[in-house]
Each structure stands twice: as structure tokens, then as C-alpha cells.
Chemist: 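Can you keep this structure in mind? I'll have questions shortly.
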Amino acid sequence: MASGPSASRTPAIATSAHAAATAAPSARPSADVTAITTRDDFLLELGETLAGKAAVRPVDSFEAALEGMTGARRAQVLVIDSREVTDLRAALKAVHASAARPAVLVFAEGAAEKELGGALKGTEVFAVLPLPIDARKTQAVLEGAIEDAIARRAAAAAASAPTASAAVPTLSPAPTLSPASHTLPARDANAASDAVRRMPAHDSTVGARAFPTRVVVAAGSVALALIAAGAFWFFTHGTHAPTPRSAPPTTAAIDRGQTAAAPVVAETSLLQGKVDELLEKARLAMHERRFSEPAGDNALLYYRSAAAADPANAEAHDGLQRVAGVLAGRFEEALNAGHMDEAAATLASFKSAAPGDARVAPFEQRLYAAQIARAITDGNLDHAAAVVHQAQQSGVVGAEQIARWRADIARHQEDAKVQRLAGLIDDHIRDGKLVEGDDSALSYLQQLETAAPANAATQHATHDLVSACLHKAREAALAKNNSEEDRWLAAARSAGAKAADINAFQKELAGVRAKAAQAESERLLQLARDRLHDGRLTDPAQDSAAGYLTQVQTSDPANAALADAGHDLAKALLDRARTSVLAGKSGDSDLAQAKHWGADPKELAAVTQLQPSAKPAPIDTAALAANLKRLRGAPPDYPPNALQQRVAGSVLLEFTVDTKGEPRDIHVVESIPPQVFDQAAINAVKHWRYAPMIVNGSAVEVPVKTRMRFELPK
């Protein structure tokens with residue numbers, strides 16, 4: 001149900017709806033139409049459909065609708081837009097139990113129309129109609145509903161009109177009653193039969209969707225049966241004075257979470273008859289403990305009727321006091337047991353027995369307090385607010401207590417909103433919907449911060465969302481996805497991450513990266529040990545002990561285990577070189593690798609002496625230089641003075657690429673013109689990087705000569 005007025009409803013639209021509903025000023029509307037909706041298009045279509053046959057009053061809640069309809073002089077029709085109602089069936093019970101007794105039309109769209117038709121069986125809903133509004137069908141049904149409302153109004157007026165015998169309580173001359181003298185008023189019977197006859201006329205609207213024809217016929221049969229039962233009760237129990245209004249429901253509806261808080265009233269009818277006979281029936285009822293029920297046959301009714309017939313009768317007044325005492329005890333028991341409906345009904349009977357009793361006001365206050373506490377405990381805050389409003393209207397509860405109740409309800413409403421938003425944030429974090437769009441954890445966190453910035457749940461939700469964003473940033477960083485890392489860090493800041501949080505994250509990330517690098521080094525070292533064990537010392541180059549140790553040497557040169565692994569490899573290489581030399585083969589390659597990995601000089605010399613004295617083939621440095629692969633090589637910066645003076649030239653450089661692929665010993669061989677471009681060329685070469693040159697299984701140094709040209713831009 002809508003909780004408040006719609007911001008989109010403008011006075012102009014409301015006026016248009018009202019104007020459409022009053023388009024025929026010559027014929028005054030015979031009924032008022034109250035529409036529960038916040039949708040302006042619905043109001044406009046409804047006003048056009050009515051075409052002046054009734055005035056439309058738009059409201060936002062059932063409470064406002066009941067407040068406006070109660071006590072109205074004209075017949076009432078209640079139109080409900082089901083799209084804005086949560087518990088329609090429960091709310092309808094309160095509407096039909098109210099004094100207004102309106103004819104009710106429910107509008108639903110799509111599949112909801114058929115579902116509501118089935119769900120509302122057994123209620124007093126006049127019809128269920130489709131949305132968008134079908135003007136012709138709706139107009140026909142509205143006419144029938146207005147007629148039904150007028151009939152309800154006439155029946156209520158007839159029931160509340162005092163008869164001569166009720167206006168002046170007197171004793172009947174004889175205990176027998178003549179059926180001919182106690183027939184129902186003609187207009188009541190006509191109104192009832194008219195209402196029954198009119199229902200089939202709208203069967204095309206309600207029957208196919210919600211109320212089949214057989215249900216309408218059954219309703220007519222039940223209505224006639226009720227009329228007959230009423231006449232039978234008249235003939236067997238005496239004449240009743242008219243009741244001021246139909247009795248509203250007990251608080252059983254309240255216990256079920258119903259929004260409206262309808263007060264419970266006791267039976268107010270009186271019986272006509274001799275005082276002695278009424279007192280005799282009262283004594284029997286007291287003996288049989290029928291203090292206030294069943295309706296129409298209880299001690300309370302008989303004593304009240306006797307007191308009305310003879311105001312000075314002491315026995316009647318004493319009996320009422322005894323009944324009141326019993327009811328007071330029952331009220332206490334029901335209230336203490338948490339049976340709110342029973343307590344409310346008992347209190348109504350108690351007030352009927354002893355209206356001036358000093359306990360009435362305290363009882364009412366306690367009942368209101370218990371009902372409000374129950375509603376708050378059950379989480380039905382709308383109902384709690386309705387009970388507070390009822391307590392305020394009753395006048396038995398002070399303004400301070402009303403204010404305390406409202407403050408308590410407001411606090412629980414805020415807590416409920418906080419818990420709802422916190423739950424949404426938890427769900428969206430769990431589902432990975434962190435920051436994108438309106439349906440995200442970040443969007444709900446912003447709402448939560450607006451509603452309750454200092455609440456502990458807000459702080460907890462902020463911490464959880466920041467942690468989730470930083471976790472995403474950590475994953476991106478480890479995957480070396482810098483753009484994603486930056487995006488998630490920005491999201492964490494939007495969620496409320498502080499500078500200290502970001503610093504802690506950076507520190508933790510550095511530690512994670514170090515652990516990851518260490519783990520990678522350990523993996524490579526283990527692979528090197530495995531290859532060493534398998535005898536795969538240098539071949540193949542990328543899957544050998546020498547290859548894996550070279551990777552560790554490049555990425556983690558300070559690793560403490562690298563030296564030991566290198567010595568083990570050097571020893572294995574010396575053994576293989578010795579075997580090769582003794583077999584008359586060359587062991588130069590293995591000896592060079594062994595030297596690189598830190599072989600013992602004495603052992604290295606001993607194996608070297610075993611080799612023939614033939615000189616090793618010289619290395620073709622020019623070929624090596626031609627095969628060098630440059631991995632990084634930014635062009636040099638053009639000296640500003642040379643650019644300004646429009647000077648071009650070149651520099652011939654010589655340098656050595658070491659076993660790590662880094663240039664060293666850079667010097668200028670020749671420069672044209674002298675000293676103009678030398679430093680720019682040297683600075684550029686310093687930042688160049690090459691893939692290490694592997695010869696015979698080991699990295700070697702390569703001398704390089706290159707000319708760098710400086711040409712003016714065109």
C-alpha cells in the first residue's frame with residue numbers, strides 16, 4: 001500500500017478528475033467515489049468513465065479512505081488500484097467491517113486480474129476489473145456499484161431509524177409475540193433483494209474472472225436464508241431495538257496483521273418483554289455461565305434489557321455489576337495471555353455492562369499498549385501506527401504517551417529500513433553486484449548513509465563494500481591489469497575507503513607481490529633441480545637446469561638458494577666436460593657454463609688441462625652482433641639547441657651487451673658535427689635492453705658498433 005502522497009500528483013490533474021466526475025451539474029451525484037491510487041493516469045481515466053455520476057476523491061491509503069467515508073451522508077463506492085496494495089484481502093476485511101460499508105471495485109492488470117478474482121472469493125468485493133480501464137465495461141459496472149452503494153446506504157439508514165417501541169422502553173402486555181407484528185421493514189427487504197438481484201447483472205465482469213455465476217446465485221440464496229433466519233430469531237427471542245451501526249470485526253483481524261484498527265463494540269440491542277421474565281432469563285444465563293455470549297442469549301443482554309425497562313430495578317443493576325466483575329477478570333486473563341481479539345471483545349462487553357466504571361479507561365489504555373507492542377514485535381508498523389491513531393481519537397490516552405508510541409514506531413521504522421538496506425547490500429556483495437547501476441551495493445549504501453549515517457549497520461556495510469572493492473583491485477593487480485586495479489581503487493574510495501585503507505592495501509599488495517615472486521622463484525629452482533637430476537643440464541635451452549636458473553638470476557638475483565643451485569649445476573657440467581674430454585670430444589661449452597655458474601677454479605683448471613692444446617675456434621663477434629635482439633630501444637631525444645639551429649648529424653657508438661642484455665662501456669667513436677649529439681646518443685643507448693646471447697648453452701658478451709642518425713623533422 002502506498003505510504004504517502006505521490007509527488008507526481010498535481011492539483012491540475014486532481015481537478016481534471018473531479019471535473020470529469022461532475023460534468024453534469026444539473027444532476028447532483030448520488031454517491032461518492034473514493035479511489036486508492038497515486039497514479040494520475042488512472043484517476044483521469046476513472047473520472048472520464050464516471051462522466052459526472054459521482055465525485056472522485058483520490059487518497060493514498062486505506063486509512064485515509066476509511067476516515068473520509070465514515071460518517072459521509074451519501075452512498076460510498078471504494079475503487080482500489082491493486083498495483084499499490086500489498087495485502088489486499090486483509091485490508092478489505094477492515095473496509096467491510098467499517099461503518100461506511102462501501103461497494104468495492106478492484107482494478108488489476110494482466111494475470112493479476114484473474115488471480116485476484118480467485119483470491120477475493122468469499123469477500124464482499126462487487127467486481128474485479130481489468131487495467132488499462134475498459135471504458136464501456138467499467139461504466140456499466142460502476143453504475144451497478146453505485147446502485148449497490150445506494151441500497152447499502154438505504155438499508156443502513158432503515159436499520160438505524162428508531163422504532164416507537166425502542167424509543168420508549170415499555171413492557172409488553174403479554175409474553176407471546178405475533179409474527180405479523182414483527183416483519184422486517186419493507187425497504188430493508190427490498191434493499192436486500194435488490195442487491196441480490198443486481199449481482200447477476202454484472203456477472204459478465206466478475207463471473208468469468210473472480211465470481212462465477214453459481215457463486216452469485218449462491219450468494220443470493222445465502223442472503224435470503226439470512227433474512228429468513230433473522231425473522232425466525234425475531235419470532236423466538238423478542239423485538240430488538242435498532243443498532244446504531246453494524247458491529248465491526250474483533251481484533252482477530254488485528255492479530256493477523258490487518259492494517260486498519262477497527263474498534264470492537266459489544267452488542268447494543270435490547271429485548272422487549274416483562275422485567276420478571278428478563279430477570280429470570282438473566283438468572284438462568286448466570287447459572288449457566290453465559291455472561292456475554294452467545295449473542296442474543298446472555299446475562300448481559302437480559303440484565304441490560306431489564307434495566308432499560310425498569311431503570312430503578314436493583315436486581316438488574318446488581319446483575320450488571322456481577323457480570324462486569326466476571327468480564328473484568330476475563331479481560332485480565334485474555335490480555336495477560338496475549339489474546340488481543342478476546343481481550344478487545346471482552347472489554348467492549350465490560351463497557352456495555354458498566355460504562356461508568358473507573359476501570360474502563362485504564363483497561364483501554366492497557367489494551368492499546370498491548371496491541372501496539374504486539375504489532376511492533378510482529379514488524380507490522382503500519383498497523384501499530386493505526387492503533388496509535390485510534391488511541392488518540394479515543395481520548396483515553398495522554399498526548400505524552402501518544403508521542404512516545406509514535407517515536408518508538410518511528411525508531412522501529414528507521415531500524416527496519418536500515419536492516420532492509422543492509423540486507424540488500426550484503427546480498428549484492430555476495431552476488432558480485434558492487435558498483436554498477438542503481439541496483440548495486442554502492443547505490444544501496446548511499447541510501448543507507450543518507451537514512452542513518454551514524455548507525456553501526458552503516459559502518460559495517462561500508463567496511464564490507466570497501467573490502468570487496470579492494471579484493472577486486474588486488475586480483476587485478478596480481479593479474480597485472482593496471483586499468484582494472486585503478487578502477488576498483490576508485491570504487492573503493494567512492495564506497496568510503498580512507499587514505500589509511502588505501503595505504504594499507506598498497507602495503508599488503510607489495511607483500512603479496514613479494515610472496516608471489518618468491519613462490520615463482522621457488523618453482524623455477526625446483527624445476528632446475530628436477531632437470532639437473534634428469535641430466536638435462538643445458539638442452540633444451542628453455543627447459544633445462546641452466547635455462548631455469550638463468551630466469552631466476554634475471555628476476556630474483558638476490559635469492560639465497562640461487563648460489564647453491566648454481567654450484568650443483570657447475571659441478572654437473574664439469575663432470576660432463578671431463579667425460580667428453582676423455583672421450584676425445586670438446587668440453588669447451590660445458591666448461592664455459594661451469595665457470596659461469598661458479599665452478600671451483602681448481603677443478604675447472606684440472607678439466608681444462610685434460611683438453612688438447614688446440615686453440616678453440618674464435619667467436620664471430622660480428623655475427624653475434626647481427627643476431628642480437630633488442631627488446632627495448634627508445635629513440636634519442638633531439639637536442640633543443642641543434643633543433644633550434646636546424647642542425648642534423650650522426651654519432652658512431654661502440655658498447656658491449658653483457659650476459660644480462662644490458663649495454664655497458666658506451667663511448668663515442670665518431671660524431672658529426674662533434675660534441676653536438678654525443679650525450680643524447682649515449683643517454684638513449686643506456687636505456688636499451690637486449691635478449692642475452694646464448695652460445696654453447698651459456699650467455700656471452702657481445703661487442704656492438706652502431707651509428708645513430710639525427711635528422712631534422714620534415
Side-chain angles (χ1 to χ4, degrees), residues 471 473-486 489 505-574 589-590 592-599 624-625 627-634 655-666 683-704:
H471 179 73
R474 184 183 301 106
E475 290 180 345
L478 294 178
K480 299 182 180 180
N481 191 335
N482 295 333
S483 60
E484 277 294 287
E485 178 186 358
D486 293 340
L489 285 177
F505 164 78
Q506 298 288 4
K507 184 176 180 180
E508 179 190 2
L509 181 60
V512 170
R513 283 174 171 163
K515 289 180 179 179
Q518 183 178 2
E520 178 63 11
S521 296
E522 291 296 331
R523 185 184 72 85
L524 293 173
L525 286 168
Q526 186 58 47
L527 287 171
R529 296 185 188 100
D530 294 342
R531 301 302 180 270
L532 185 62
H533 180 268
D534 296 339
R536 294 158 62 180
L537 306 183
T538 56
D539 296 311
Q542 301 303 321
D543 189 23
S544 63
Y548 289 123
L549 289 182
T550 299
Q551 293 183 50
V552 176
Q553 193 176 50
T554 302
S555 62
D556 189 12
N559 193 296
L562 180 61
D564 292 338
H567 290 153
D568 292 341
L569 176 58
K571 184 177 180 180
L573 288 168
L574 285 175
S589 176
D590 287 341
Q593 284 275 41
K595 180 179 180 182
H596 173 76
W597 292 110
L624 293 179
N627 291 323
L628 273 175
K629 182 179 179 181
R630 191 163 66 187
L631 302 177
R632 188 173 70 195
F655 56 90
T656 299
V657 176
D658 63 16
T659 57
K660 295 181 181 179
E662 299 177 0
R664 63 177 176 81
D665 301 333
I666 306 168
N683 291 340
V685 172
K686 284 181 179 179
H687 294 88
W688 291 0
R689 292 294 182 270
Y690 295 84
M693 178 59 68
I694 305 298
V695 177
N696 297 326
S698 61
V700 299
E701 295 182 345
V702 180
V704 177

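For reference, positions follow the sequence shown, starting with 1.
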Chemist: If I take atom NE2 from residue His533 and atom CG from residue Asp530, how far apart are they, to the nearest 0.5 angstrom?
Modeler: 8.5 Å
Chemist: For residues 627-634, please give each side-chain donor-acceptor pair under 3.5 Å, one per line with the distance, not counting sequence neighbours.
Modeler:
unit_1: Asn627; atom_1: ND2; unit_2: Ala623; atom_2: O; d: 3.1
unit_1: Arg632; atom_1: NE; unit_2: His687; atom_2: O; d: 3.3

Chemist: Would you name the heavy atoms of Asp539 and Ser544 that are closest together and state the gap between them?
Modeler: N-CB, 3.7 Å
Chemist: About how many Å separate CG of Leu569 and CZ of Arg531, when rounded to the nearest 0.5 Å?
Modeler: 13.5 Å
Chemist: Taking all atoms of both residues into account, what is the closest heavy-atom pair of Leu532 and Ala545, and its distance?
Modeler: N-CB, 4.0 Å
Chemist: What distance do Leu524 atom CG and Leu562 atom CG have between them, rounded to the nearest 0.5 Å?
Modeler: 10.5 Å
Chemist: Sequence neighbours left out, what pairs pass side-chain hydrogen bond (donor to acceptor under 3.5 Å, both in side chains) with at least one residue falling in residues 693-703?
Modeler: Arg664-Glu701
Chemist: Where is the tightest heavy-atom contact between Ala561 and Leu525, given as atom of each residue plus distance?
Modeler: CB-CD1, 3.7 Å
Chemist: Are the side chains of Gln506 and Leu489 in touch, meaning some heavy atoms are under 4.5 Å apart?
Modeler: yes
Chemist: Would you please name every residue forming a salt bridge (Lys or Arg N to Asp or Glu O under 4.0 Å) with Glu520, sequence neighbours left out?
Modeler: Arg523
Chemist: Distance from Glu508 atom CD to Arg513 atom CZ, nearest 0.5 Å?
Modeler: 11.5 Å
Chemist: Would you say that Leu549 contacts Gln553 through its side chain, given a criterion of any heavy-atom pair below 4.5 Å between the two side chains?
Modeler: no
Chemist: Would you mind listing every side-chain hydrogen bond (donor to acceptor under 3.5 Å, both in side chains) that reaches into residues 475-486, with sequence neighbours excluded?
Modeler: His471-Glu475, Asn481-Ser483, Glu484-Arg487, Glu484-Trp488
Chemist: Return the minimal non-hydrogen interatomic distance between Ser521 and Val552, and the atom names on each side.
Modeler: O-CG2, 4.1 Å
Chemist: Minimum heavy-atom separation for Pro692 to Ala699, with atom names?
Modeler: CB-CB, 4.4 Å
Chemist: Only counting residues at least two apart or in another chain, list the ones meeting salt bridge (Lys or Arg N to Asp or Glu O under 4.0 Å) with Glu522.
Modeler: none
Chemist: For the residue pair Tyr690 and Phe655, does the interplanar ring angle fall in the parallel (under 30°), tilted (30 to 60°) or perpendicular (over 60°) class?
Modeler: tilted
Chemist: Tell me which pairs pass salt bridge (charged side-chain N to carboxylate O under 4.0 Å, His left out) where either residue lies in residues 687-697, with sequence neighbours left out.
Modeler: none
Chemist: Look only at the side chain of Asp658 and the backbone of Lys660, and say whether a donor-acceptor pair between them is shorter than 3.5 Å.
Modeler: yes
Chemist: For the residue pair Ala570 and Gly598, what are the closest heavy atoms and their distance?
Modeler: CB-C, 4.2 Å
Chemist: Side chain to side chain contact (heavy atoms under 4.5 Å, CB included) with Ile666: which of Val685, Asn683, Thr656?
Modeler: Val685
